[in-house]
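One structure coming up, written as structure tokens, with questions to follow.
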Amino acid sequence: MAGMIKRLFAHLFTGNARGRFPAADLQRIADAIAVGETCHAGEICFAVEGALDVRDVVRGIQARARAIDAFGRLRVWDTAANNGVLIYLLLADHRIEIVADRGLAGLVSDAQWRGVCLLMEERLRVGEYADGVVAGIEAVSDLLAEHFPQDPALPDEDELPNQPVFL
């Protein structure tokens, strides 16, 4: 019960996510996605949510469930090669979730995805939000380039927007 109350307060008092990402940082994140996508044929989407609605916290909704929901709502699954990746950040819970489409199943291990999260957490913990997100995007891009390298002979279609999404 104490954990639920602590989580409820965290969600009630976490400020707006937009305040942590000034316009210049948002552009830097979008640019990191665009640059990464020149090296691989995958698609990366970054979404951030400050806090959940109180009703969702009381119902016990966790960051992973929200990330999976966002993966669907943002249509990250809707890429030609089924190789979209969502990096989801829930500020109130200090959680990073990565949801990868089925084209990456068996290619990238849970430990590798967790490594990306740990890399991001190090920077986020000290308040370096943009640096943490960019580091995560670069690490995901490296994984995508390993399994879905960009073929210079084929046109690359940017299937998902590169701009960060606030939920």
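As the structure is a computational prediction, the values presented were derived from the model and not from experiment.
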Item to check | Residue pair N82 / W77: nearest heavy atoms and the distance that separates them | outcome: OD1-O, 3.8 Å
Checklist entry - Can you list the residues that meet the side chain to side chain donor-acceptor pair (under 3.5 Å) rule with E49, with sequence neighbours excluded? => result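 Applying side chain to side chain donor-acceptor pair (under 3.5 Å) to E49 gives R66, Y88.
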What side-chain donor-acceptor pairs closer than 3.5 Å can you find for residues 134-144, not counting sequence neighbours?
residue: S141; atom: OG; partner: H40; partner atom: NE2; Å: 3.4
residue: S141; atom: OG; partner: I137; partner atom: O; Å: 3.0

Item to check | Nearest heavy-atom neighbours spanning A63 and L90 | outcome: CB-CD2, 3.9 Å
Checklist entry - Considering residues at least two apart in sequence or located in another chain, which fulfil the ring pair (Phe, Tyr, Trp, His ring centres under 6.0 Å) criterion with F166? => result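 Ring pair (Phe, Tyr, Trp, His ring centres under 6.0 Å) check on F166 returns nothing, list empty.
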Next on the checklist: Going by side chain to side chain contact (heavy atoms under 4.5 Å, CB included), name the residues that satisfy it together with R7, two or more places apart in sequence or in a different chain.
Outcome noted: H11, L52, V57, Q62, D93
Item to check | Sequence-distant partners of R73, salt bridge (Lys or Arg N to Asp or Glu O under 4.0 Å), two or more places apart | outcome: D69
Item to check | Within 6.0 Å of CG in D151, more than 12 heavy atoms from elsewhere | outcome: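 Atom CG in D151 is packed in, count exceeds 12.
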Checklist entry - Closest heavy-atom contact between V133 and F46? => result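 For V133 versus F46, the nearest heavy atoms are CG2-CZ, 3.6 Å.
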Item to check | Under 3.5 Å: donor-acceptor pair, side chain of E37, backbone of I44 | outcome: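 Indeed, once roles are kept as given, a pair shorter than 3.5 Å links the two residues.
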Item to check | Pair D56 + R59, salt bridge at N-O below 4.0 Å | outcome: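 Looking at R59 together with D56, the answer is yes, because their closest N to O distance falls below 4.0 Å.
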Item to check | Partners meeting side chain to side chain contact (heavy atoms under 4.5 Å, CB included) with Q163 (sequence neighbours left out) | outcome: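 Testing Q163 for side chain to side chain contact (heavy atoms under 4.5 Å, CB included), a comparison that skips the adjacent residues, returns Q27, A30.
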